[in-house]
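Sequence lines set the chain letters: A, B, ... in the order given, protein chains first and strands last, and positions in each chain run from 1. Values below: every heavy atom of this structure, side chains too, minus hydrogens, waters and symmetry copies.
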Protein chains: 2
Amino acid sequence: MTEPRWLAADEQRAWRAFLLMHSRLAARLNRQLQAACGLSLADYEVLVHLSEAAGGRARPHELQRALDWEQSRLSHQLARMRQRGLVTRERCGEDRRGAHVLLTDAGRQAITTAAPGHVETVRRLFFDPLTEDQVAALHTLAGQVLARLDDDGAPGDPEAPRDEAPRDAGGSGRRP
Amino acid sequence: MTEPRWLAADEQRAWRAFLLMHSRLAARLNRQLQAACGLSLADYEVLVHLSEAAGGRARPHELQRALDWEQSRLSHQLARMRQRGLVTRERCGEDRRGAHVLLTDAGRQAITTAAPGHVETVRRLFFDPLTEDQVAALHTLAGQVLARLDDDGAPGDPEAPRDEAPRDAGGSGRRP
DNA sequence: TCCATCTCCATGACACATCATCTATGGAGG
DNA sequence: CCTCCATAGATGATGTGTCATGGAGATGGA
């Protein structure tokens, strides 16, 4: 083992600032959503994708890829959301292993109520203090890191299913 | 409520790229640490701060501020770490409400073993694909967002305990 | 056809985070 | 001294994420 390439002081500061920014931001967004309408950030993301899907209906596996979540995380999440009446399940005709998840009225109501406040918070806390150039630079930077994450591969997973760099996918700023 | 300021398409993409970068990065770092030495990222952070403290000893409240964690999160975390033999507790002389947490030999061993691989992974996945200017720009950007998070205040928490935003390091190319 | 294998999804165990609440001590003012 | 409140920290309930595993249905040869 060769001597590790330690981080320089300014690298450490940048790294920690990045982590701190994310954790505080996520905490704020979670609390805002929770306070405003009893949703978590995870609920919100699922609801966004469902509400954008045709008929408010989607296959779990499709959601999984879109959200880039672990399969079991999504499964648990959907179970909880079903229990709270935000979504329901339907057996799937074409592929009887699978299922359809679909938005209930309560679910659509929840996302419609939640979206404006959430987007406003994202804008106020994140976009407002930044310039357009800074946002663009962050986007570029994230793309580079994601590309590295991809082709560095899960070590021991030599052939990764190549797909999305920050291609679209509607996120926080949706129109209900 | 006025019409919300929805996110433009490129803003959405940037935002989602940022979130995706963080979640994938965190997942990778967690797995690497877990595989290499059975530590979580949270364990690692606690151990780092403890190992940098004089005598491998610190007050919980001090750790809490340094890590920017919720109090109960730290308390639970320390309980688990104590149970696994990474740290121990000591009653505190000066303030008998409090305690000292101190690194055990096993804890010091763990952080010593973990650090090179962790730093190497951070460098490979995060710093290597970026230029110095990009890192500096990210640092600046994070500072701005953190400042906003601070003075936006926890709504209903008008007087926040002012503390660190990453002081910007001079000289690196940037233009707000 | 039959069997191996892959895909889609659920589940239980456990680690972790947050919230609300609780104890005990410290400190200031009467 | 005592009272009131702030601070340090622990704890239990609950929601959330990951890992390992399992099972049913699809798929593709031999």
Side-chain angles (χ1 to χ4, degrees), chain A residues 22-24 26-35 38-46 58-84 86-101 154 156-157 159 161, chain B residues 19 22-24 26-35 38-46 58-84 86-101 154 156 159 161:
Chain A
H22 178 274
S23 70
R24 288 210 199 176
R28 277 294 201 78
L29 294 174
N30 250 310
R31 280 192 248 274
Q32 188 274 327
L33 272 176
Q34 190 67 43
L39 295 177
S40 68
L41 210 45
D43 296 331
Y44 185 85
E45 294 189 61
V46 171
R59 299 285 300 266
H61 189 251
E62 176 192 338
L63 288 173
Q64 184 192 331
R65 275 183 299 101
L67 297 168
D68 197 59
W69 282 8
E70 305 252 337
Q71 183 270 321
S72 80
R73 175 183 177 185
L74 179 64
S75 191
H76 284 298
Q77 177 72 32
L78 289 175
R80 288 187 297 259
M81 292 178 72
R82 201 176 346 152
Q83 198 173 358
R84 288 186 291 152
L86 296 171
V87 301
T88 55
R89 291 171 55 84
E90 233 181 24
R91 292 200 49 82
C92 177
E94 325 109 45
D95 186 338
R96 284 192 318 211
R97 294 168 297 184
H100 285 292
V101 187
D157 217 71
E159 51 229 320
Chain B
L19 294 179
H22 178 274
S23 70
R24 287 210 200 175
R28 276 296 200 74
L29 294 175
N30 249 311
R31 280 192 249 275
Q32 187 274 328
L33 272 176
Q34 190 67 43
L39 295 178
S40 68
L41 210 45
D43 295 330
Y44 184 85
E45 293 187 60
V46 170
R59 299 286 300 266
H61 189 252
E62 175 192 338
L63 287 173
Q64 185 192 331
R65 275 183 300 101
L67 296 169
D68 196 59
W69 282 9
E70 305 250 337
Q71 184 270 322
S72 78
R73 175 182 178 186
L74 180 64
S75 190
H76 284 299
Q77 177 72 33
L78 289 175
R80 287 188 297 262
M81 293 179 73
R82 201 176 345 150
Q83 198 174 356
R84 288 188 290 152
L86 296 171
V87 300
T88 55
R89 291 172 52 86
E90 234 181 23
R91 292 201 48 83
C92 177
E94 325 109 43
D95 184 338
R96 283 193 318 209
R97 294 168 296 186
H100 285 292
V101 187
E159 50 228 322

Hey, which of these two, A:Arg84 or A:Asp95, hits DNA chain D nearer its 5' end, going by closest nucleotide?
->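 So the residue in question is A:Arg84.
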Nearest-angstrom distance from the residue atom [atom1] of [X] to [atom2] of [N]:
| X | N | atom1 | atom2 | value |
| --- | --- | --- | --- | --- |
| B:Gln34 | D:dC19 | CD | P | 8 Å |
| B:His61 | D:dA6 | NE2 | P | 15 Å |
| B:Trp69 | D:dG9 | CH2 | C1' | 16 Å |
| A:Glu94 | D:dG25 | CD | P | 16 Å |
| B:Gln77 | D:dG9 | CD | P | 16 Å |
| B:Gln32 | D:dT18 | CD | C1' | 17 Å |
| B:Arg28 | D:dT18 | CZ | C1' | 16 Å |
| A:Leu29 | D:dT16 | CG | C1' | 17 Å |

Within the 4.0 Å heavy-atom criterion, would you say [X] contacts the bases, only the backbone, or no part of the nucleic acid?
| X | value |
| --- | --- |
| A:Ala27 | nothing |
| A:Arg91 | nothing |
| A:Ala99 | sugar-phosphate |
| A:Asn30 | nothing |
| A:Arg80 | base |
| B:Gln71 | base |

Using a heavy-atom cut-off of 4.0 Å to chain A, what are the terminal contacting nucleotides of DNA chain C, in 5' to 3' order?
->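 Nucleotide range with atoms under 4.0 Å of chain A: C:dT7 to C:dC19.
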Straight-line distance of B:Gln34 CD to B:Leu39 CG, nearest 0.5 Å |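 Rounded to the nearest 0.5 Å, the CD-CG separation comes to 7.5 Å.
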Output the single nucleotide from D:dT16, D:dT11, D:dT18 whose closest atom is nearest the side chain of B:Ser75.
->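 Closest nucleotide among those given: D:dT11.
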Report the nucleotide, chosen from D:dG17, D:dA8, D:dA10, that has the shortest atom-to-atom distance to any side-chain atom of A:Arg73.
->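 Shortest atom-to-atom distance from the side chain points to D:dG17.
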With a cut-off of 6.0 Å (strictly less than), are more than 12 heavy atoms of other residues, nucleotides or ligands near CD of B:Gln83?
->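 No, CD of B:Gln83 has 12 or fewer neighbouring heavy atoms, counting only those of other groups under 6.0 Å.
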Verify salt bridge (charged side-chain N to carboxylate O under 4.0 Å, His left out) between B:Arg31 and A:Glu70, making sure each step is shown before the conclusion.
-> CA-CA 13 Å; B:Arg31 280 192 249 275; A:Glu70 305 252 337; 3.3 Å; yes
Ignoring hydrogens, what is the shortest heavy-atom contact between [X] and [Y]? Give both atom names and the distance.
| X | Y | answer |
| --- | --- | --- |
| A:Arg91 | A:His100 | O-CD2, 4.3 Å |
| A:Gly38 | A:Arg84 | O-NH1, 3.5 Å |
| B:Arg89 | B:Ala99 | NH2-CB, 3.4 Å |

Under 3.5 Å, is there a donor-acceptor pair linking the side chains of B:Arg80 and B:Gln77?
->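 B:Gln77 and B:Arg80 do have a side-chain donor-acceptor pair below 3.5 Å.
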Short side-chain N/O contact to D:dA8 OP1/OP2 from B:Arg97, under 4.0 Å =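 No.
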Taking only side-chain nitrogens and oxygens of A:Arg96, does any of them come within less than 4.0 Å of OP1 or OP2 of D:dA24?
->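 Result: no.
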Any N/O donor-acceptor pair, B:His76 side-chain to D:dG12 base, under 3.5 Å =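 Yes, a donor-acceptor pair under 3.5 Å.
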Option from B:Leu74, B:Leu86, B:Leu78, B:Val46 for which side chain to side chain contact (heavy atoms under 4.5 Å, CB included) with B:Val101 holds =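 That would be B:Leu78; it is the only one of B:Leu74, B:Leu86, B:Leu78, B:Val46 passing the side chain to side chain contact (heavy atoms under 4.5 Å, CB included) with B:Val101.
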Would you mind telling me which residue lines up with the more 5' stretch of DNA chain C, A:Gln64 or A:Arg31, judged by nearest nucleotide?
->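 The residue mapped nearer the 5' terminus is A:Gln64.
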